[in-house]
Amino acid sequence: MEELPLDFEIVPAAPERDDALQLSLESWEGPLDLLLTLARSQKVDLKQISILGLVEQYLTFIAEARELKLEVAADYLVMAAWLAYLKSALLLPKDPLEDPSPDELALRLQLRLQRLAAMREAAARLLARDRVGRDVFLRVKPEGLRDIKVRRWDASLYDLLSAYGQVKLRSEPVVHMVSRRPVITLDAALHHLQRMIGVKLDWAELSDFLPADYDGPLRRSAIASSFVAALELARQGRVDLKQEGAFEPLYLKAAGA
Amino acid sequence: MIDDLERAIEAMLFASDTPLDARQVAGRLGDEMTPGEIRTIIQTIAARHAGSGIELVERGGHWHFQTPADLAHLLRRERDDPRKLSRAAAEVLAIVAYHEPVSRAEIEAIRGVQTSKGTLDVLMEAEWIAPAGRREVPGRPLIYKTTDAFLQHFGLTSRKDLPGIDDLRAAGLLDPVDLAFEEAMGELDLVKDGEEA
Amino acid sequence: MIDDLERAIEAMLFASDTPLDARQVAGRLGDEMTPGEIRTIIQTIAARHAGSGIELVERGGHWHFQTPADLAHLLRRERDDPRKLSRAAAEVLAIVAYHEPVSRAEIEAIRGVQTSKGTLDVLMEAEWIAPAGRREVPGRPLIYKTTDAFLQHFGLTSRKDLPGIDDLRAAGLLDPVDLAFEEAMGELDLVKDGEEA
């Protein structure tokens with residue numbers, strides 16, 4: 001596979017033994033990236049790469065960096081420790097019980113390198129495409145498509161009339177209307193009592209003079225007005241009143257009868 | 001097959017942020033072309049686009065692409081944005097309708113509250129009321145009346161179609177709001193009962 | 001003679017400041033046109049412009065006019081400076097594009113290194129990637145995908161146009177390591193041969 005150059009940054013060249021020491025570790029995006037760069041220097045397809053050789057390259061590179069007192073980030077050292085373990089496992093006689101086997105670990109590392117390499121190339125090919133603003137150009141100031149909102153006011157005739165009703169109601173003078181309660185007026189009671197007094201000749205209780213179909217508030221009102229009417233007739237000397245004691249029934253009869 | 005020079009000039013005019021004249025085009029081509037030769041090619045391009053949805057037009061010797069004026073309505077589309085008239089605006093509108101012509105001070109006297117300028121503006125924007133001269137009193141205030149658009153919107157033949165106060169009272173529109181509300185709720189219950197039956 | 005509908009659609013696509021899809025065009029025409037009918041007309045317009053200095057291209061179902069890439073040398077100006085991407089950002093963008101939708105942890109598994117917050121931010125600010133919901137695994141990590149603006153910027157008709165995506169998929173290079181590992185166990189012998197050589 002051909003590796004396309006990236007257009008945005010210089011890809012660090014695969015380090016030759018001699019200039020390896022010139023390179024700072026900041027050139028790499030992590031240990032996997034460094035491993036991939038070292039692997040490329042083997043100039044074989046990643047499928048055919050010697051993992052043992054790659055491990056050697058990596059460990060040598062890190063050792064040299066440390067000799068030069070370059071600061072080596074922790075994740076590069078973790079990778080170095082893991083690779084040192086992998087190297088010894090690969091070199092020692094195979095232990096069939098070891099799981100995962102060193103060969104499996106090596107295969108995983110190889111697969112990871114292949115995936116990273118694939119994405120590295122994909123990125124390069126993507127960035128090499130005809131890009132807007134670099135290779136192809138758009139209109140600088142297109143007219144643009146615009147939606148212009150036109151306000152449409154809405155109201156119904158009902159809204160209008162009820163609004164006017166409320167205005168009228170607010171502005172009309174406030175009138176308190178007391179609803180008519182059922183009452184017997186003093187005049188009506190006087191008139192009624194005078195008629196009844198002529199019919200009954202003997203003492204009779206005040207309540208006997210009231211129509212029998214009066215009940216509830218109307219009856220209470222009739223008793224009150226008849227009582228006042230009885231007092232008025234007594235004052236005029238037209239009836240006599242008698243009562244045994246306080247709150248006892250009140251009796252009346254025509255005067256002189 | 002469009003020739004390379006024509007393609008190049010077309011692309012330049014398309015991608016430029018300002019209209020270009022023949023000299024600018026020649027300069028960018030870095031070619032031994034006279035402005036006259038460039039103009040001839042530009043006219044070929046313009047002719048090729050004639051009658052399409054893109055036109056190449058000349059403005060004071062400078063050329064640029066634009067969309068034809070007759071298609072402007074597609075690019076600047078008007079959309080309705082319906083809005084409900086506010087209660088305050090409805091009251092003012094009703095007062096104008098029943099009492100026109102009427103000044104703002106008179107409207108306020110009838111409503112019993114101040115009327116913001118915005119309320120009258122909304123009604124004028126809706127084209128339901130319009131100024132109808134000035135009242136010949138001190139200060140010469142503007143007076144307002146309703147419009148034909150008002151009659152049309154509310155389905156009235158003339159202002160005489162507006163119900164009188166007695167009609168409003170009969171229709172329950174002069175009932176206090178709370179009472180009217182309760183009655184309306186009673187009706188709602190009836191409707192619900194009906195649905196359940 | 002270009003028909004009115006074709007002119008109208010051409011003008012819309014030309015005037016729009018964003019690429020339009022068939023549905024948007026149909027909506028603006030306010031006509032009883034199906035997206036399929038619109039697409040047929042758009043393809044007629046694209047064909048009419050083919051080989052000229054302006055081309056109509058499709059990007060993720062959206063269409064826009066642009067200049068042909070072979071004229072870049074005439075149009076490139078000093079101020080044209082497409083966003084410079086760091087190597088990390090370019091790799092992350094490629095991983096999102098080829099593996100989408102993909103979580104940050106999955107990106108990191110491929111790169112073998114932590115992804116700084118800034119890297120994803122740069123790509124989101126460019127509107128080339130966008131969150132695409134969450135992966136229904138413990139922790140419910142955010143997952144990312146590329147956008148229509150990504151397709152537009154890199155001149156891709158659709159994700160199927162990503163360079164080499166078919167080859168990568170066929171080679172299993174878009175599969176997770178674990179899956180590839182199971183499949184590759186049989187090839188272990190090959191690896192050992194390579195080491196011994």
Side-chain angles (χ1 to χ4, degrees), chain A residues 4-9 123-183 216-218, chain B residues 11-12 14-18 64-67 71-72 74-95 97-99 107 109-113 122-123 125-128 150 153-156 161-163 165 167-169 171-177 180:
Chain A
L4 294 167
L6 301 178
D7 71 332
F8 47 91
E9 204 176 89
R125 293 171 75 176
L126 202 53
L127 294 178
R129 288 188 62 83
D130 293 331
R131 292 167 61 186
V132 170
R134 188 187 68 176
D135 308 294
V136 302
F137 298 89
L138 310 176
R139 292 184 76 195
V140 178
K141 288 175 200 147
E143 293 89 340
L145 301 179
R146 299 280 172 268
D147 282 341
I148 299 161
K149 284 193 172 174
V150 180
R151 267 193 290 189
R152 296 257 183 268
W153 291 101
D154 194 27
S156 66
L157 187 59
Y158 174 81
D159 295 334
L160 188 68
L161 299 180
S162 68
Y164 193 62
Q166 292 310 310
V167 170
K168 278 312 216 189
L169 203 67
R170 266 207 315 267
S171 56
E172 269 182 358
V174 180
V175 177
H176 289 289
M177 302 279 282
V178 178
S179 60
R180 189 182 299 247
R181 282 180 295 153
V183 291
L218 187 60
Chain B
M12 256 182 225
F14 171 87
S16 175
D17 55 355
T18 54
H64 76 271
F65 279 107
Q66 65 178 30
T67 49
L71 297 175
L74 287 169
L75 314 180
R76 298 260 183 281
R77 182 174 51 169
E78 295 196 347
R79 304 187 92 174
D80 276 3
D81 177 23
R83 299 267 186 99
K84 183 82 182 150
L85 199 63
S86 72
R87 182 86 199 178
E91 286 187 12
V92 171
L93 179 59
I95 291 167
Y98 275 93
H99 300 267
I107 293 168
I110 295 168
R111 286 189 73 211
V113 288
V122 161
L123 295 172
E125 184 191 309
E127 298 184 346
W128 289 337
F150 163 79
H153 180 91
F154 290 95
L156 301 164
D161 282 0
L162 284 170
I165 293 298
D167 299 321
L168 293 180
R169 184 171 288 121
L173 290 169
L174 283 176
D175 291 345
V177 176

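What you see is a predicted model, and the numbers here were worked out from it, not measured in a lab. Residue numbers start from 1 in every chain, and the chains themselves are labelled A, B, ... in the order their sequence lines are given, proteins ahead of strands.
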Query raised in the report: Is it the side chain or the backbone of B/E127 that comes within 4.5 Å of chain A heavy atoms, both, or neither?
Result: neither
Report summary line: When rounded to the nearest 0.5 Å, the distance separating CG of A/D147 from CG of B/D81 is 11.5 Å
Query raised in the report: Taking it one step at a time, do B/Y98 and A/L160 satisfy side chain to side chain contact (heavy atoms under 4.5 Å, CB included)?
Result: CA-CA 11 Å; B/Y98 275 93; A/L160 188 68; 5.9 Å; no
Query raised in the report: What's the spacing between A/R152 CZ and B/E125 CD if we round to 0.5 Å?
Result: 10.0 Å
Query raised in the report: Looking at residues at least two apart in the chain, or sitting in another chain, which of them share a salt bridge (Lys or Arg N to Asp or Glu O under 4.0 Å) with A/R129?
Result: none
Report summary line: NZ (A/K141) and OG1 (B/T18) are apart, to the nearest 0.5 Å, by 7.0 Å
Query raised in the report: Which heavy atom in A/D159 sits nearest to a heavy atom in B/A90, and how many Å separate them?
Result: O-CB, 4.2 Å
Query raised in the report: Which heavy atom in A/S156 sits nearest to a heavy atom in B/F154, and how many Å separate them?
Result: O-CE2, 3.3 Å
Query - From A/E143 atom CD to B/L75 atom CG, the distance as rounded to the nearest 0.5 Å - result: 6.5 Å
Query - Nearest heavy-atom neighbours spanning B/F65 and A/R139 - result: O-NH2, 3.3 Å
Report task. Answer with side chain, backbone, both or neither: which region of B/H64 has an atom nearer than 4.5 Å to a non-hydrogen atom of chain A? Result -> neither
**Report entry** Shortest non-hydrogen contact from A/Y164 toward B/A94
**Finding:** CB-CB, 3.6 Å
Report summary line: For A/S162 and B/R87, the nearest pair of non-hydrogen atoms, with its separation, is O-NH2, 3.3 Å
Query raised in the report: Do the non-hydrogen side-chain atoms of A/L161 and B/L162 ever get within less than 4.5 Å of each other?
Result: yes
Query - Contacting region of B/L123 [heavy-atom separation from chain A under 4.5 Å] - result: neither
Query raised in the report: Top residue by heavy-atom pair count (under 4.5 Å) with chain A, among B/L93, B/T67, B/I110?
Result: B/T67
Report task. State, to 0.1 Å, how close B/V122 and A/W153 come at their nearest heavy-atom pair, and which atoms those are. Result -> CG1-CE2, 3.5 Å
Query - With sequence neighbours excluded, residues passing salt bridge (Lys or Arg N to Asp or Glu O under 4.0 Å) with B/R76 - result: none
Requested in this report: Please assess A/L157 against B/H153 for the test side chain to side chain contact (heavy atoms under 4.5 Å, CB included), listing each intermediate value before the final yes or no.
Outcome: CA-CA 9 Å; A/L157 187 59; B/H153 180 91; over 6 Å; no
Requested in this report: Output the option from B/A11, B/P82, B/G155, B/A88 having the highest count of non-hydrogen pairs under 4.5 Å with chain A.
Outcome: B/P82
